[in-house]
Amino acid sequence: MRRPHWPRRVFAQLLLSQTVVTVGVTAVTAGLFLAPVSRELDRDAMQRALSIAQVTAQDEVIARAAEARDAAVVQRNAEQIRLATGASFVVITDVDGIRLSHTDPGRIGQRVSTDPEPALRGESVTAIQQGTLGRTARGKVPLRAVDGRIVGEVSVGISDDSIRHRLMSMATGILLCAGVGLAAGLAATLVLARRLKRRTHNIAVADIAALLVEREAMLHGIREGMVALDPDGRIRLANDEAVRLLALPDDCVGRSVDQVLPQGRLADVLAGRIEGTDLPAVRDDRVLVVNRMATPDGGAVTTLRDRTELESLVRELDNTRSLTEALRAQDHEHANRMHTLLGLLELGRHEQAAEFISEQSGSHAAVAAEVSEQVQDPHVAALLAGKTAVAAERGIELVLSADSHLPDAAVDARALVTVVGNLIDNALDAAAGPGPARAAGGPVRGALPPGAVFFPGRSPAGAGPSAGTSAGSRRPVVEVALRADGPVLLVEVGDSGPGVAPELRTRIFEEGWTSKQAPAHRPRGLGLAMVARLVERAGGTISVGEAQLGGARFTVRLPEALHIAPVEA
């Protein structure tokens with residue numbers, strides 16, 4: 001015979017267990033209710049028997065007849081009382097416990113079956129006892145003469161059958177109420193089980209445990225951040241990657257997004273105040289791509305992808321492409337110089353050819369030496385060299401101010417390169433666009449600082465037009481200044497572009513804000529936002545104003561950027 005098995009489905013287990021519990025609770029409740037009712041009925045029957053006995057004992061006729069042992073008179077009066085009250089029996093004895101009355105006249109003259117001594121001593125007794133007439137609720141009192149002497153006992157009994165009949169009549173109502181409650185409980189259990197069946201998709205309990213384990217392994221094993229929010233906007237789940245990417249506190253679960261993240265675009269995207277797909281956002285020095293999906297219960301699930309390394313690679317790719325184009329241009333320029341040198345040699349102008357070679361090599365060496373003397377940090381120097389080639393290809397003059405000085409003592413060279421590189425990139429984009437410096441026949445507003453260093457391939461200010469430019473127009477200019485004052489570093493990047501309107505000088509640092517067309521391979525509006533986050537994290541400040549060149553000038557002050565103790569006054 002096949003043994004019954006506990007059901008595997010969640011709803012079936014709930015239905016069965018709730019049914020068992022409901023039936024059990026109903027039965028126990030009914031039993032607990034009936035037990036005191038039965039005791040109360042017994043107590044009521046005993047008190048009723050005692051009251052009948054007390055009234056009978058006050059009958060003087062019965063008392064005189066009992067004292068005289070006149071059984072006929074006692075029997076007649078006792079039966080009248082029994083029939084009038086509905087008692088099972090009314091037994092009267094003399095002082096020796098001999099019956100003077102009984103329901104069965106054949107038992108008159110016999111001693112009672114239960115002990116009459118307590119009543120003969122003057123006590124009133126109630127009890128449930130087994131006698132010749134069966135189990136009865138009894139009340140016993142002493143029978144006294146007119147002068148108060150005890151002359152016998154009055155014992156009244158109420159049959160147990162009548163008590164059980166009353167109990168059964170009451171139990172019917174109790175059980176009916178219990179049945180109604182049981183039916184309501186079973187109906188509620190069935191509704192709950194059906195709802196649970198729909199919510200759990202009729203899966204087994206073992207499958208739920210397996211799904212939970214798999215979910216935990218998946219959430220904390222994937223390399224994408226995930227944050228789940230409840231309908232009130234509080235975090236109810238955040239995997240390890242999300243905690244790492246967002247720098248969330250350990251007690252983030254149960255708290256709202258605005259409580260664990262600073263105000264800004266990232267908090268707005270997670271909270272649903274900004275909608276869209278693949279939204280870029282910045283957290284410290286990380287570039288994140290955020291997607292938010294609403295859930296049926298009113299909450300949301302947000303996924304986070306770290307694009308920091310990809311963004312860096314894309315920037316490197318852009319720089320590499322620019323360097324490639326610059327190398328092609330330099331190769332073309334080098335070929336032109338070789339052709340010029342060849343022509344001078346073929347014309348026999350050897351001295352002029354030698355001067356031409358010396359001039360070309362000497363100018364490059366002098367500029368390189370002066371730049372390396374001013375910028376001693378190798379990372380920033382390499383960055384400037386790369387940006388020089390990019391600027392040259394785009395026809396922009398990149399200028400290092402004469403008073404620039406940066407020792408090789410950067411606390412965080414990577415962050416410094418990110419700040420300077422992003423500012424130069426934005427300045428190059430601004431200078432390359434239509435602006436005051438590129439108006440036809442319009443000179444650059446203001447003058448470059450005296451002694452400014454031009455990188456190779458550019459002519460100094462006031463030295464005449466560069467190769468390939470006319471005297472009536474100037475090439476766009478980007479000026480970089482790096483000044484160290486003890487541990488404090490001041491970075492200034494200006495351009496000859498159109499500048500930044502005063503009403504936009506705060507908004508340009510918001511993530512995702514840009515006035516340019518975003519390329520297909522990466523989003524815009526992240527560079528300045530990342531710079532602002534890095535500067536704020538370092539305790540510095542960043543501001544934008546108007547440059548002498550006519551465009552915008554970004555000023556960054558980093559108070560603890562260099563490993564140099566401040567000079568005491």
Side-chain angles (χ1 to χ4, degrees), residues 34-146 148-174:
L34 287 173
V37 169
S38 177
R39 290 194 298 270
E40 187 63 29
L41 290 176
D42 288 342
R43 187 179 302 108
D44 180 67
M46 288 186 292
Q47 288 298 324
R48 182 181 168 209
L50 181 63
S51 299
I52 295 172
Q54 289 173 342
V55 172
T56 302
Q58 293 176 0
D59 191 331
E60 295 181 0
V61 175
I62 293 176
R64 286 194 298 269
E67 184 179 7
R69 288 180 170 82
D70 187 351
V73 175
V74 173
Q75 173 71 1
R76 184 178 61 253
N77 286 277
E79 282 299 299
Q80 290 176 354
I81 294 174
R82 182 183 70 81
L83 295 174
T85 59
S88 297
F89 64 84
V90 176
V91 175
I92 301 173
T93 70
D94 58 13
V95 291
D96 297 324
I98 303 301
R99 296 188 185 100
L100 298 177
S101 67
H102 195 275
T103 305
D104 182 6
R107 297 182 181 274
I108 296 175
Q110 300 177 2
R111 184 177 175 83
V112 293
S113 59
T114 56
D115 185 14
E117 291 302 323
L120 294 176
R121 289 197 301 267
E123 300 176 8
S124 295
V125 179
T126 58
I128 302 293
Q129 293 180 334
Q130 184 73 29
T132 57
L133 297 178
R135 186 174 182 273
T136 54
R138 303 187 181 191
K140 300 179 181 182
V141 296
L143 179 61
R144 298 178 183 273
V146 177
R149 290 179 298 104
I150 296 176
V151 296
E153 171 198 30
V154 177
S155 176
V156 178
I158 296 177
S159 174
D160 187 62
D161 293 337
S162 64
I163 300 175
R164 285 199 301 268
H165 179 72
R166 291 183 61 193
L167 178 62
M168 292 305 297
S169 62
M170 296 183 66
T172 301
I174 294 173

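Start at 1 with the first residue, then count along the sequence. Because the structure is a prediction, the values reported are computed rather than measured.
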key: Salt-bridge contact K140-E123 (side-chain N to carboxylate O under 4.0 Å)   = no

message = Can a donor-acceptor pair be found, under 3.5 Å and without considering hydrogens, that links the side chain of S101 to the backbone of V90?
response = yes

key: Heavy-atom pair of closest approach, residues S159 and S88   = N-OG, 2.6 Å

message = The criterion is side-chain contact (heavy atoms from CB on, under 4.5 Å); which residues satisfy it with V55, sequence neighbours excluded?
response = none

inquiry  = I need the minimum non-hydrogen distance between A119 and P142, along with the two atoms involved.
reply    = O-CB, 3.0 Å

task = Kindly give the heavy-atom pair with the smallest separation between E79 and R82, and that separation in Å.
result = OE1-NH2, 2.8 Å

request  = Go through the steps to decide whether I62 and I81 satisfy the test side-chain contact (heavy atoms from CB on, under 4.5 Å), and finish with yes or no.
outcome  = CA-CA 11 Å; I62 293 176; I81 294 174; 3.8 Å; yes

task = With the side chain counted from C-beta on, respond yes when S124 and L50 share a heavy-atom pair under 4.5 Å apart, and no when they do not.
result = yes

message = Would you compute the distance between atom OG1 of T56 and atom CG of N77 and round it to the nearest 0.5 angstrom?
response = 9.5 Å

ask   = Does any pair with a residue in residues 50-63 pass salt bridge (charged side-chain N to carboxylate O under 4.0 Å, His left out), and if so which ones, sequence neighbours excluded?
value = E60-R64

task = Report the C-alpha distance between L100 and D94 in whole Å, list the side-chain angles of each, state the deciding distance to 0.1 Å, and finish with yes or no for side-chain contact (heavy atoms from CB on, under 4.5 Å).
result = CA-CA 7 Å; L100 298 177; D94 58 13; 4.3 Å; yes

key: Audit row: V141, L143, side-chain contact (heavy atoms from CB on, under 4.5 Å) steps and yes/no   = CA-CA 7 Å; V141 296; L143 179 61; over 6 Å; no

remark   = Note: I92 and A78 closest approach over all heavy atoms is CD1-CB, 4.1 Å

ask   = Below 4.5 Å, heavy atoms only, C-beta onward: do V95 and R69 meet side chain to side chain?
value = yes

query = Under the 3.5 angstrom rule, does the side chain of E67 hit a backbone N or O of A145 as a donor-acceptor pair?
reply = no

message = How close do I158 and R48 get, counting heavy atoms only, and between which atoms?
response = CD1-CD, 3.5 Å

query = Which heavy atom of A66 sits nearest a heavy atom of V74, and at what distance?
reply = N-CG2, 3.8 Å

ask   = Heavy atoms, side chains only, cut-off 4.5 Å: are R144 and V151 in contact?
value = no

ask   = Would you call S155 and H102 a side-chain contact if the rule is heavy atoms closer than 4.5 Å?
value = no

ask   = So which of T114, I128, V91 actually passes side chain to side chain contact (heavy atoms under 4.5 Å, CB included) with R138?
value = T114

Name every donor-acceptor pair, under 3.5 Å, that has one atom in a side chain of residues 104-112 and the other anywhere in the protein, sequence neighbours excluded.
residue: D104; atom: OD1; partner: G106; partner atom: N; Å: 3.2
residue: R111; atom: NH1; partner: D96; partner atom: O; Å: 2.6

task = Might you work through the side-chain contact (heavy atoms from CB on, under 4.5 Å) test for T136 and F89, ending with a clear yes or no?
result = CA-CA 10 Å; T136 54; F89 64 84; 3.8 Å; yes

